[in-house]
Enquirer: 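Below you'll find the structure I mean.
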Amino acid sequence: MSAEQHARHDHGHDHGHDHHDDGHAHGTMGGYMIGFGLSVILTAIPFWLVMTGALGNAQLTGFVIMAFAVVQIVVHMIYFLHMSARSESGWTMMALIFTIVIVVITLSGSMWVMYHLNHNMMPVSAHDMSQMP
């Protein structure tokens, strides 16, 4: 087989090389481990804040936990869902923005509901409790 025939023969075959150059981001073991480590840290810190009462103020603790939740969602989107501004013609950036908006609405709505339930449903004192039917 001549060199020219060999080149034409090689051009049509992959010879076991796996090319995934389709414009999408692919994860690596190191990337997944970084994402996992950040996820563990972003879960452990709010847990520690609640268990120790380190901030002293329940409202402040709630807002800090919400901030950690938003950061953790972004970490998951970047490290596990491989979203970036340059892949898929910016659609992943739109998905990131949409996700952040939905998370903010959900978390702020949840905090609003929990505050009002606590404020409106809990009796003020034991005396009020004795008057309940």
Side-chain angles (χ1 to χ4, degrees):
M1 187 185 286
S2 71
E4 183 180 324
Q5 289 172 335
H6 188 67
R8 275 187 275 151
H9 177 63
D10 283 348
H11 182 68
H13 297 286
D14 205 357
H15 290 292
H17 297 290
D18 206 11
H19 297 287
H20 286 103
D21 199 14
D22 56 1
H24 300 295
H26 296 284
T28 62
M29 185 61 155
Y32 286 127
M33 293 309 292
I34 291 170
F36 177 73
L38 287 172
S39 296
V40 168
I41 291 168
L42 291 169
T43 300
I45 292 173
F47 185 79
W48 175 79
L49 289 174
V50 170
M51 294 303 291
T52 62
L55 296 179
N57 184 350
Q59 267 187 329
L60 178 62
T61 303
F63 285 116
V64 170
I65 289 171
M66 283 183 12
F68 273 98
V70 170
V71 171
Q72 188 166 110
I73 288 170
V74 172
V75 165
H76 284 237
M77 291 179 73
I78 292 170
Y79 286 99
F80 300 123
L81 299 177
H82 313 296
M83 292 188 169
S84 67
R86 62 183 184 273
S87 64
E88 296 182 25
S89 303
W91 279 106
T92 54
M93 183 56 70
M94 293 289 286
L96 175 66
I97 293 168
F98 177 74
T99 301
I100 290 172
V101 167
I102 294 299
V103 165
V104 167
I105 290 170
T106 303
L107 291 177
S108 60
S110 297
M111 293 299 286
W112 182 79
V113 166
M114 287 188 282
Y115 170 77
H116 285 284
L117 280 176
N118 187 39
H119 181 68
N120 293 328
M121 300 297 286
M122 296 300 292
V124 177
S125 66
H127 177 70
D128 291 340
M129 191 102 158
S130 65
Q131 295 177 357
M132 293 179 77

Enquirer: Do M66 and I97 sit in the same hydrophobic cluster, where Ile, Leu, Val, Met, Phe, Trp and Tyr count as joined when their side-chain heavy atoms come under 4.5 Å apart?
Expert: yes
Enquirer: For S39 and F80, which heavy atoms make the closest approach, and how far apart are they?
Expert: OG-CE1, 3.8 Å
Enquirer: Over 60° means perpendicular and under 30° means parallel, so classify the ring planes of H82 and Y32, tilted if in between.
Expert: perpendicular
Enquirer: Enter the distance from F63:CZ to L55:CG here, rounded to the nearest 0.5 Å.
Expert: 12.5 Å
Enquirer: Tell me the closest heavy-atom pair linking P46 and I65, and the distance in Å.
Expert: CB-CG1, 3.8 Å
Enquirer: Please round to the nearest 0.5 Å and tell me the distance separating atom OH of Y79 and atom CG of L38.
Expert: 5.5 Å
Enquirer: Kindly work out whether a path of hydrophobic side-chain contacts (I/L/V/M/F/W/Y, heavy atoms less than 4.5 Å apart) joins I41 to V71.
Expert: yes
Enquirer: Would you compute the distance between atom CG of L42 and atom NE2 of H76 and round it to the nearest 0.5 angstrom?
Expert: 8.0 Å
Enquirer: Are I73 and I34 connected, step by step, through hydrophobic side chains (Ile, Leu, Val, Met, Phe, Trp, Tyr) whose heavy atoms are closer than 4.5 Å?
Expert: yes
Enquirer: Shortest non-hydrogen contact from I105 to S108?
Expert: O-OG, 3.3 Å
Enquirer: Would M77 end up clustered with F36 when hydrophobic side chains under 4.5 Å apart are linked, directly or stepwise?
Expert: no
Enquirer: How long is the gap from CG on L49 to OG1 on T61, to the nearest 0.5 Å?
Expert: 6.5 Å
Enquirer: Compare every heavy atom of W48 with every heavy atom of A54, then report the nearest pair and how far apart it is.
Expert: CB-CH2, 3.8 Å
Enquirer: Treat each ILVMFWY residue as a node, draw an edge where side-chain heavy atoms are under 4.5 Å apart, and state whether L60 and L107 are in one component.
Expert: yes
